[in-house]
Protein chains: 2
Amino acid sequence: MQLDLRVDRSSPVPLYFQLSQQLEAAIEHGALTPGSLLGNEIELAARLGLSRPTVRQAIQSLVDKGLLVRRRGVGTQVVHSQVKRPLELSSLYDDLEAAGQRPATSVLVNTVVPATAGVAAALGVPEGDDVQRIERLRLAHGEPMAYLCNHLPSGLLDLDTAELEATGLYRMMRSAGITLHSARQSIGARAATAAEAERLTEAEGAPLLTMQRTTFDDTGRAVEFGDHIYRPSRYSFEFQLLVRP
Amino acid sequence: MQLDLRVDRSSPVPLYFQLSQQLEAAIEHGALTPGSLLGNEIELAARLGLSRPTVRQAIQSLVDKGLLVRRRGVGTQVVHSQVKRPLELSSLYDDLEAAGQRPATSVLVNTVVPATAGVAAALGVPEGDDVQRIERLRLAHGEPMAYLCNHLPSGLLDLDTAELEATGLYRMMRSAGITLHSARQSIGARAATAAEAERLTEAEGAPLLTMQRTTFDDTGRAVEFGDHIYRPSRYSFEFQLLVRP
DNA sequence: TCAATGCGTATGTCCGGACAATCGGACTAC
DNA sequence: GTAGTCCGATTGTCCGGACATACGCATTGA
């Protein structure tokens, strides 16, 4: 059966985007089965009344997402694998919500402090400058799951404690008009100190998963530096990697 | 000063690729300073004797890498940040070699075994089928750094022990004509068992960093399943994330 | 039988042009 | 003085076509 693809030329949504979304949806719910050929671009373009570059742009975006594979002389195939989503710059809050965990946050500290050497270096501000410091405890099912310590340049964002508990930090930054661009991340492990153990209801010396992250906006400014620890029995980092061809 | 950009039309290397490489090199060694405008596409195309789509394709590839930011009505800017490389599907061996660590590998086990339930599920083969099992110890500076246990579908690759010690598994797969496409990865932490502790010269109960990974080729076949443990004092996962715009 | 050749097909690269959407600043009107 | 408007600049989208290149398969030849 032929796939029912249509584009709406009166819509402000770009044509290539309309097409790529429809193709992605078709792959998602199985109308396009893994391994099947997509049919050649020329014919597809003719069928939709689009030009070939537009169709190629749509297909290319799905190739970049890892959903399709092109082979010269052969055609474009749906990749069959458990590929769900590539690694994205997401927040713990979003991750949990996507997993249907209904996360709860309790803000322990929300204040302005002078930047220590480490924080200053990460954020690219002079040592001793005012920075916003927040400490949060993330709970899932009433159990502590992670302890999050973040620093932000002062004045970047109005960090209302109540809002911080109701939503995530990243969501607040985005809705404040900050366009996140990239992040440098480091994941490790170490033994819990006595203080950390108590906060997370673990034993002293228990293994902890650690993550440090510096996030940049599209002007290259550091907008956030986070130092997080997770209970490995409750959380692990799951993600998908794509090979850069 | 104007940037010295040139393309060689007699070269088999695509023009857009030549251009993007030159731009990337210019950014790398500072000829294009962060925050500077790149000059508009039309003029750049005219200067190089290229069409605008070609120039756009070159620029787009650098935007995808996170090196440039385009702003409608403004121009294309070099992003100024510590962005070096986005997350790639790389092997521990490559990582270490890039860091100048001269890694050493000792192959502990290289044999064929029937697949356990877990391995079978990860590789998508029937339980009990023959699979290749390799266990390796990775050393840096003479110290054990990681214990790597991998399973591969039987017959996929000729795994010579000597070659395995001289190079990495991924490199062997690539040179065998397998085109890696994506991988699903999970990073966690836990306490060392007595056996693990001994292999890595740690104490029993010491925190360990763990990673499981299933790698797929471009046909969607699982080609490798790895279960690795790292000494957190010697290794952590460092990477860069880009926001999907 | 098996290897080399040729051919059809599909994607890869490239061109030149057109118009739309958005940003930032200058100008104008109140 | 301030807010709104216009305008130039620049990227975003889209078109239609042309030729190159690689893969798979059938045909041909030794």
Side-chain angles (χ1 to χ4, degrees), chain A residues 5-23 35-64 67-79 177 179 181 217-219 245, chain B residues 5-23 35-64 67-79 177-179 181 217-219 244-245:
Chain A
L5 295 171
R6 275 167 306 150
V7 292
D8 175 12
R9 298 199 88 98
S10 67
S11 161
V13 178
L15 300 177
Y16 76 90
F17 192 76
Q18 292 184 36
L19 178 53
S20 73
Q21 276 196 321
Q22 288 183 44
L23 289 175
S36 65
L37 273 309
L38 195 57
N40 78 53
E41 304 170 344
I42 315 255
E43 196 264 340
L44 187 57
R47 212 171 87 213
L48 289 167
L50 297 173
S51 72
R52 190 178 163 218
T54 302
V55 172
R56 274 183 71 78
Q57 194 175 358
I59 292 176
Q60 186 59 46
S61 73
L62 296 182
V63 172
D64 290 340
L67 275 72
L68 297 178
V69 181
R70 320 176 88 138
R71 254 185 262 269
R72 192 188 294 211
V74 180
T76 305
Q77 279 181 312
V78 181
V79 76
T179 60
H181 176 261
D217 72 359
D218 58 2
T219 70
Chain B
L5 296 170
R6 274 166 308 151
V7 292
D8 174 12
R9 299 199 88 98
S10 66
S11 161
V13 177
L15 300 177
Y16 77 89
F17 192 76
Q18 292 183 35
L19 178 54
S20 74
Q21 276 196 321
Q22 287 181 44
L23 289 174
S36 65
L37 273 310
L38 196 57
N40 78 53
E41 304 170 343
I42 315 253
E43 196 264 340
L44 186 57
R47 212 171 85 213
L48 290 166
L50 296 173
S51 73
R52 190 179 161 213
T54 302
V55 172
R56 274 183 71 79
Q57 194 174 358
I59 292 176
Q60 187 58 47
S61 72
L62 297 181
V63 172
D64 290 340
L67 278 84
L68 297 177
V69 181
R70 319 175 91 139
R71 252 185 263 270
R72 195 188 292 211
V74 179
T76 305
Q77 279 182 310
V78 181
V79 74
I178 300 172
T179 60
H181 176 261
D217 72 359
D218 57 3
T219 70
R244 190 175 287 290

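Each chain gets a letter, A, B and so on, in the order its sequence line appears, and its residues count up from 1. Note that these values count all heavy atoms, side chains included, but never hydrogens, waters or copies made by symmetry. Everything numeric here is computed off the predicted structure, so don't read it as measured data.
Distance L15(A) CG to dA21(C) P: 12 Å, rounded to the nearest Å. Taking atom CD of Q57(B) as the reference point, atom C1' of dT11(D) lies 16 Å away to the nearest angstrom. Rounded to an integer number of Å, the gap from CG of N40(A) to P of dC23(D) is 18 Å. Here the C1' atom of nucleotide dT11(C) and the CG atom of L37(A) are 12 Å apart, to the nearest Å. Atom CG of L50(A) is separated from atom C1' of dG16(D) by 13 Å (rounded to the nearest Å). Between L38(B) atom CG and dA9(D) atom P the separation is 18 Å, expressed in whole Å. In this entry the distance linking CD of Q60(A) with P of dT13(D) reads 14 Å, nearest Å. Taking atom CD1 of I42(B) as the reference point, atom P of dG8(D) lies 16 Å away to the nearest angstrom.
Nearest heavy atom pair, residue L48(A) against residue V7(A), reads O-CG2, 4.2 Å. Closest heavy-atom contact between D218(A) and V69(B): O-CG2, 3.6 Å. Of all non-hydrogen atoms in A58(B) and S20(B), the two that sit nearest each other are O-CB, 3.6 Å.
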Evaluation steps, side-chain contact (heavy atoms from CB on, under 4.5 Å), between E41(A) and L50(A): CA-CA 10 Å; E41(A) 304 170 344; L50(A) 297 173; over 6 Å; no

Show your working on side-chain contact (heavy atoms from CB on, under 4.5 Å) between L23(B) and L5(B) and close with a plain yes or no. CA-CA 8 Å; L23(B) 289 174; L5(B) 296 170; 4.0 Å; yes

Pair I59(B), L68(B) - check side-chain contact (heavy atoms from CB on, under 4.5 Å), show working. CA-CA 8 Å; I59(B) 292 176; L68(B) 297 177; 4.0 Å; yes

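Remark: T54(A) is in phosphate contact with dC15(D), judged by side-chain N or O atoms under 4.0 Å from OP1 or OP2. Between R70(A) and dG12(C), a side-chain N or O to OP1/OP2 separation shorter than 4.0 Å is present. Between T76(B) and the phosphate of dT11(D), there is a side-chain N or O to OP1/OP2 separation shorter than 4.0 Å. Put simply, Y16(B) has a side-chain N or O that comes within less than 4.0 Å of OP1 or OP2 on dT13(C). Phosphate contact (OP1/OP2 of dG12(D), side-chain N/O of R56(B), threshold under 4.0 Å): present.
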Distances for protein N or O near nucleotides 22-26 of chain C N or O, under 3.5 Å:
{"from": "dC23(C)", "atom 1": "O4'", "to": "R72(B)", "atom 2": "O", "distance (Å)": "3.1"}

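With a 4.5 Å cut-off on side-chain heavy atoms, L37(B) and Q77(B) count as touching.
Residues from residues 6-14 of chain A with heavy atoms under 4.0 angstrom of DNA chain C: there are none.
Take the nearest nucleotide of DNA chain D for E41(B) and for R52(A): the residue whose nucleotide is more 5' is E41(B).
Judged by distance alone, the side chains of Q18(A) and R6(A) never bring a donor and an acceptor atom under 3.5 Å apart.
Residues passing the salt bridge (Lys or Arg N to Asp or Glu O under 4.0 Å) test with R72(B): none are found, sequence neighbours excluded.
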